[in-house]
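A short write-up of the structure that comes next.
Not measured: the values here are computed from a predicted model.
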Amino acid sequence: MNAKTDFIGNIVAEDFRTAAIFKRHGIDFCCKGGRTIEEACHNKKLDPERIYEELDALPGNEEASIDFSSWPPDLLADYIEKTHHRYVEEKTPVLQTFLDKLCKVHGERHPELFEINTLFNESAQDLAAHMKKEEFILFPFIRNMMNAKLSGTALPHPPFGTVENPVNMMQHEHTVEGERFRKIAEITDEYLPPDDACNTYKVAFAMLQDFENDLHKHIHLENNILFPQAIQLEKEFTVES
């Protein structure tokens with residue numbers, strides 16, 4: 001890892017512990033991972049040397065995060081679907097119940113809860129559709145490419161032309177979700193419950209923060225690892241033909 005020249009997405013792909021550093025400084029490592037640290041710091045008027053120092057200060061990586069970049073794309077697609085898609089499906093209805101309750105009980109004193117609830121419900125609806133497009137269109141094609149490569153058979157022509165078309169759509173939708181959760185984080189003062197918050201209030205905000213963190217991992221794995229792998233794999237078939 002060369003922190004001064006590598007893209008942020010590549011740095012996080014090599015060691016996911018670095019994600020906490022970028023998040024702490026408000027640097028997007030998932031949707032905008034295709035930038036250097038210097039470029040990101042210039043936009044936010046931050047000192048890049050501080051980021052470099054914090055990265056260098058990370059302890060030895062004896063218990064390193066899983067090296068997802070070494071996984072074949074079909075295995076990574078399976079992992080994303082069974083880990084992050086399931087997380088969204090399980091946590092969404094719980095959060096919706098909590099946020100509805102907060103609006104009813106605390107909405108008069110904290111009207112910002114209604115905007116948070118609206119934003120999360122929009123996210124829930126869009127993410128559900130987004131994940132189905134991946135599960136029924138993009139991920140099966142990635143698996144078909146790997147099967148064709150391993151078996152030495154021809155790749156069936158996809159109905160969407162090239163894998164870059166659904167990838168571009170998924171990346172755009174990732175950007176929308178990233179912006180939506182940045183807005184939620186802003187409204188909640190980085191998920192800090194107010195002084196009069198009840199336990200449900202505190203749990204809901206903690207769950208929202210966890211949901212955003214999981215979403216960042218989810219988007220990072222796709223934007224910075226899976227999607228580039230899929231595009232490269234498709235190009236291998238083009239060269240062979």
Would you say [X] and [Y] make side-chain contact, with heavy atoms under 4.5 Å?
| X | Y | answer |
| --- | --- | --- |
| Tyr79 | Leu75 | no |
| Asn168 | Gln171 | yes |
| Phe227 | His174 | yes |
| Phe120 | Thr92 | yes |
| Gln96 | Leu99 | no |
| Leu119 | Glu115 | yes |
| Ser123 | Glu177 | yes |
| Phe211 | Val88 | yes |

- Item | Check against side chain to side chain contact (heavy atoms under 4.5 Å, CB included), Leu102 and Thr200 | CA-CA 8 Å; Leu102 292 183; Thr200 300; 4.1 Å; yes
Please determine whether residues [X] and [Y] belong to a single hydrophobic cluster, defined as Ile, Leu, Val, Met, Phe, Trp and Tyr linked transitively by side-chain heavy-atom distances below 4.5 Å.
| X | Y | answer |
| --- | --- | --- |
| Phe160 | Met146 | yes |
| Met170 | Leu127 | no |
| Leu215 | Phe29 | no |
| Leu221 | Val176 | no |
| Tyr191 | Leu113 | yes |

Between [X] (side chain) and [Y] (backbone), is there a donor-acceptor pair under 3.5 Å?
| X | Y | answer |
| --- | --- | --- |
| Thr83 | Ile80 | no |
| Thr36 | Glu39 | yes |
| Thr153 | Lys149 | no |
| Asp6 | Asn2 | yes |
| Gln229 | Trp71 | yes |
| Gln209 | Ala206 | no |
| Glu234 | Val163 | yes |
| Asp189 | Leu192 | no |
| Lys44 | Gly26 | yes |
| Asn223 | His218 | no |

- Given salt bridge (charged side-chain N to carboxylate O under 4.0 Å, His left out), test Glu122 with Lys183 step by step and report yes or no. CA-CA 13 Å; Glu122 290 172 350; Lys183 182 65 175 176; over 6 Å; no
When rounded to the nearest 0.5 angstrom, what is the spacing between [atom1] in [X] and [atom2] in [Y]?
| X | Y | atom1 | atom2 | answer |
| --- | --- | --- | --- | --- |
| Leu155 | Leu233 | CG | CG | 8.0 Å |
| His42 | Asp47 | NE2 | CG | 13.5 Å |
| Lys91 | Leu208 | NZ | CG | 12.5 Å |
| Glu112 | Cys103 | CD | SG | 9.5 Å |
| Ile11 | Arg17 | CD1 | CZ | 13.5 Å |
| His106 | Asp196 | NE2 | CG | 7.0 Å |

- Message: Please determine whether side chain to side chain contact (heavy atoms under 4.5 Å, CB included) holds for the pair Asn43 and Arg35, giving the CA-CA distance in whole Å, both sets of side-chain angles, and the decisive distance to 0.1 Å.
- Response: CA-CA 11 Å; Asn43 293 338; Arg35 302 175 295 168; 3.7 Å; yes
- Item | side chain to side chain contact (heavy atoms under 4.5 Å, CB included) assessment of Met207 paired with Val203 | CA-CA 6 Å; Met207 285 187 66; Val203 169; 4.1 Å; yes
Do [X] and [Y] have side-chain N/O donor and acceptor atoms under 3.5 Å apart?
| X | Y | result |
| --- | --- | --- |
| Asn224 | His220 | yes |
| Asp210 | Tyr87 | yes |
| Asp100 | Asn117 | yes |
| Glu14 | Ser69 | no |
| His84 | Glu222 | no |

- Message: For a side chain to side chain contact (heavy atoms under 4.5 Å, CB included) check, start with the C-alpha distance between Leu46 and Ile27, then their side-chain angles and the critical distance, and finish with the verdict.
- Response: CA-CA 10 Å; Leu46 298 173; Ile27 295 175; 4.2 Å; yes
Which atoms form the tightest heavy-atom contact between [X] and [Y], and what is the distance?
| X | Y | answer |
| --- | --- | --- |
| Ile8 | Ala40 | CD1-CB, 3.7 Å |
| Leu55 | Ile21 | CD2-CD1, 3.7 Å |
| Ala19 | Val12 | CB-CG1, 4.0 Å |
| Cys41 | Pro48 | SG-CA, 3.6 Å |
| Gly33 | Phe7 | O-CB, 3.5 Å |
| Ala154 | Ala148 | O-CB, 4.1 Å |

- Evaluate the salt bridge (charged side-chain N to carboxylate O under 4.0 Å, His left out) criterion for residues Arg182 and Glu179: first the C-alpha distance (whole Å), next the side-chain angles of each, then the deciding distance (0.1 Å), finally the verdict. CA-CA 5 Å; Arg182 267 189 286 278; Glu179 292 296 334; 2.7 Å; yes
Show the atom names and distances, to 0.1 Å, of all donor-acceptor pairs under 3.5 Å that link a side chain in residues 135-145 to residues at least two apart or in another chain.
from   : atom 1 : to     : atom 2 : distance (Å)
Glu135 : OE1    : Lys132 : NZ     : 3.3
Glu135 : OE2    : His85  : ND1    : 2.7
Arg143 : NE     : Asp78  : OD1    : 2.8
Arg143 : NH2    : Asp78  : OD1    : 2.8
Arg143 : NH2    : Glu81  : OE1    : 3.1
Asn144 : ND2    : Pro140 : O      : 3.4

- Query: Any ion pair linking Glu38 and Lys4 (charged N to carboxylate O, less than 4.0 Å)?
  - Reply: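 The answer is no: the pair does not qualify as a salt bridge.
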- Task: Given salt bridge (charged side-chain N to carboxylate O under 4.0 Å, His left out), test Glu90 with Arg86 step by step and report yes or no.
- Result: CA-CA 6 Å; Glu90 290 173 2; Arg86 285 183 181 177; over 6 Å; no
- Task: Assert yes or no for the condition that the ring centre distance of Tyr201 to His110 is strictly below 6.0 Å.
- Result: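 They qualify: ring centres under 6.0 Å apart.
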- Message: A quick test of your reading: do over 12 heavy atoms of other residues, nucleotides or ligands sit less than 6.0 Å from CD of Gln125?
- Response: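 At most 12 heavy atoms, drawn from other residues, nucleotides or ligands, come within 6.0 Å of this atom.
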- So does Lys101 have more than 12 non-hydrogen atoms from other groups sitting under 6.0 Å from NZ?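 Counting neighbours around NZ of Lys101, 12 or fewer heavy atoms of other residues, nucleotides or ligands fall under 6.0 Å, so no.
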